[in-house]
Amino acid sequence: MEKKTFYITTPIYYPSDNLHIGHAYTTVAADTFARFMRLTGHEVWFLTGSDEHGQKIDRAARSRGQTPQEYVDKIVEGFKLLWERLAISNNDFIRTTEERHKRVVSEIFERLYRQDDIYKAGYEGWYCTPCETFWVEARLEDGNCPDCGRPVELLKEESYFFRMSKYADRLLKHIEENPQFIQPVTRRNEMVSFIKSGLEDLCVSRTTFDWGIKVPFDPKHVVYVWVDALTNYISALGYGGDDGLYQKFWPADIHLVGKDIVRFHAIIWPVILMAAGIPLPRQVVGHGWLLLDSGKMSKSKGNVVDPHVLIDKYGVDAIRYYLLRELGFGTDGLYSEDALINRLNKDLANDLGNLVSRTLGMADKYFKGVTGSPGQVEGPDEELIALASETPGVVMDLMERRELSNALGAVWRLVSRANKYVDETAPWVLAKSPETTDRLNTVLYNLAETVRFITVITSPFMPLMAPRVWPLLGIDRRPDLHTWESLIWGRFPVGTVVRRGDPLFPRIETA
Ligand code: MSP
């Protein structure tokens, strides 16, 4: 049988500056979905990239005395390095300065113009450069950008416009008929009221700078950076060409984006696709923001948190765990290094780390690591086995609902149950008498099997941990026991030799 396909994207990031921990959140979350879908038997395409055109980049480059291309080339190298360090498993990386991308943008722009969905007109409007967004006067707040609160500039120019208004009713109908299209529901409601308040035609070209894709039939103009950027999701699949990726993977299953850019993905992008006669993505998921006590992270405030520094200090899995656990579905989370340390010490060092080291340590001490076959189910066994057996289904369900943090929560319920099981069964007492050797063996078998379950289920979230634990569990050469299908209680092989290792997550001592 052919595998089901799954296509997930991150936003393409602006290389106006290096990425911070907030950007890392979006990509780590997308990576977790991608890995989870691979683990559960899908053929996955996972795309990320860089959004390299526009005035913001142009200005950032020039203020440093570089050409925009020189400037972005260097920053994009940094993006790739960061993703590598965070164990991001993207299949492709698209840059909007690549030919393969420019071709598709020009083609679609021209098509929409030929069919009169794009037209030329005089324009006067307010532009927010940091957000690369036009606003009509009525939407401004105290004369500033309603999104970021910064000053806007008045622009007067001949421009091309896209007839968004023409598609508003069709889009509303689509949103109403497809409740999964925009998630979570709070974002969906925001979008519905935005559309109901009236969609204006969108200015889709600029003449005041030239760092962009030229309008093919009128090269004085460059294509508006958001139209350029959104098109990456199909240009990267070779839309219009014949390499088969587009046919195989479009429509996207998830466009994962931050809440600030849901509007572009859930309104502008679908309308462009409708006009171009291309199927719409299945889902746009808008996650919350990672905030600081002092508010938003921003270079100008000098409060950005550098992911490299955190990786160096705490390790990749720990950072991934923290990000994925801390932000609830669609809601904001507060970042602080103290909160991070507390979580790592509690969840990783104490709960998970102790479970693994106790399990391996006792097996080593009492049986020289050899696991014997488990005996009768008794006492708390039943509850542990039942919880372990149902956890994959619970996690699967939460992943379908895009609730990453709750999915981890479900695994940690199993971790806690297993730790309680150790206390209840007290293997150190069982070890005192030869009559309870069989029981001791059963308890340790159950713990080893629980640890196997936990490593498999968490592998999309913390991809470096499972390959560290499997050799200790003696199953590193058994890929058949690393799969989702292998999560059937009792597959842990009798006679396996387990051994102790270094602590998985050492406690972080604070002053
Ligand atoms: N270039 C556009 C996206 C174009 S997609 C066709 C863009 N780039 S961005 O670099 O500014 O932001 C990319 C993503 O990072 C967005 O999803 C944004 O929400 C996310 N984040 C930026 N700061 C963030 C936090 N502090 N917390 C969580 N996510 C954050 O927008």
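Whatever order the structure lists ligands and atoms in, that order sets their numbers, starting from 1.
Using bins of under 30°, 30° to 60° and over 60° for the plane-to-plane angle, the ring pair Tyr224/Phe134 lands in the tilted bin. Taking the six-membered ring where the residue is Trp, Trp250 and Tyr246 present parallel rings, their angle staying beneath 30° rather than reaching 60°.
Seen from the ring of Phe46, Arg38 does not count as a face-on cation partner, given the 6.0 Å and 45° thresholds. Both the sub-6.0 Å distance and the 45° axial angle are not jointly satisfied by Arg59 relative to the ring of Tyr14.
We find that Glu158 and Lys220 are not joined by a salt bridge, their nearest charged nitrogen and carboxylate oxygen being 4.0 Å or further apart. Using a 4.0 Å cut-off between a side-chain N of Lys or Arg and a carboxylate O of Asp or Glu, Glu110 and Arg114 qualify as a salt bridge.
Note on ligand 1: Ser16 sits outside its first shell, no heavy atom being nearer than 4.0 Å.
Closest protein heavy atom to atom 19 (O) of ligand 1: Asp260 OD1, 2.5 Å. For atom 11 (O) of ligand 1, the closest non-hydrogen atom on the protein side is Tyr14 CD1, 3.3 Å. Shortest contact from atom 12 (O) of ligand 1 to any protein heavy atom: His23 CD2, 3.9 Å. Atom 20 (C) of ligand 1 has its closest protein heavy atom at Thr26 OG1, 3.6 Å. Summary of contacts: the protein heavy atom closest to atom 30 (C) of ligand 1 is Gly22 O, 3.5 Å. Given atom 14 (C) of ligand 1, the protein heavy atom at minimum distance is Tyr13 CE2, 3.6 Å. Given atom 6 (C) of ligand 1, the protein heavy atom at minimum distance is Tyr233 OH, 3.5 Å.
For atom 31 (O) of ligand 1, the choice among Val304, Leu230, Leu19, Ile261 with the nearest heavy atom turns out to be Ile261.
Counting heavy atoms closer than 4.0 Å to ligand 1, residue Lys296 contributes nothing at all. Looking at Leu290 against ligand 1, both its backbone and its side chain come within 4.0 Å, counting heavy atoms. The proximity of Phe264 to ligand 1, defined as any non-hydrogen pair under 4.0 Å, does not occur for either the backbone or the side chain.
Atoms of ligand 1 lying under 4.0 Å from any heavy atom of Ala229, numbered from 1 in the order shown and given with element: 6 (C).
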Tyr127 vs Thr208, side-chain hydrogen bond (donor to acceptor under 3.5 Å, both in side chains): CA-CA, chis, key distance, verdict: CA-CA 12 Å; Tyr127 196 69; Thr208 48; over 6 Å; no
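Of the polar atoms of Pro11, none of the N or O atoms is found under 3.5 Å from an N or O of ligand 1, judged by distance alone.
For the ring-ring contact (aromatic ring centres under 6.0 Å, His included) criterion with Tyr119, the lone passing option out of Tyr113, Phe162, Phe161, Tyr160 is Phe161. Considering His101, Glu99, Glu107 as possible partners of Arg103, the one that fulfils the side-chain hydrogen bond (donor to acceptor under 3.5 Å, both in side chains) test is Glu107.
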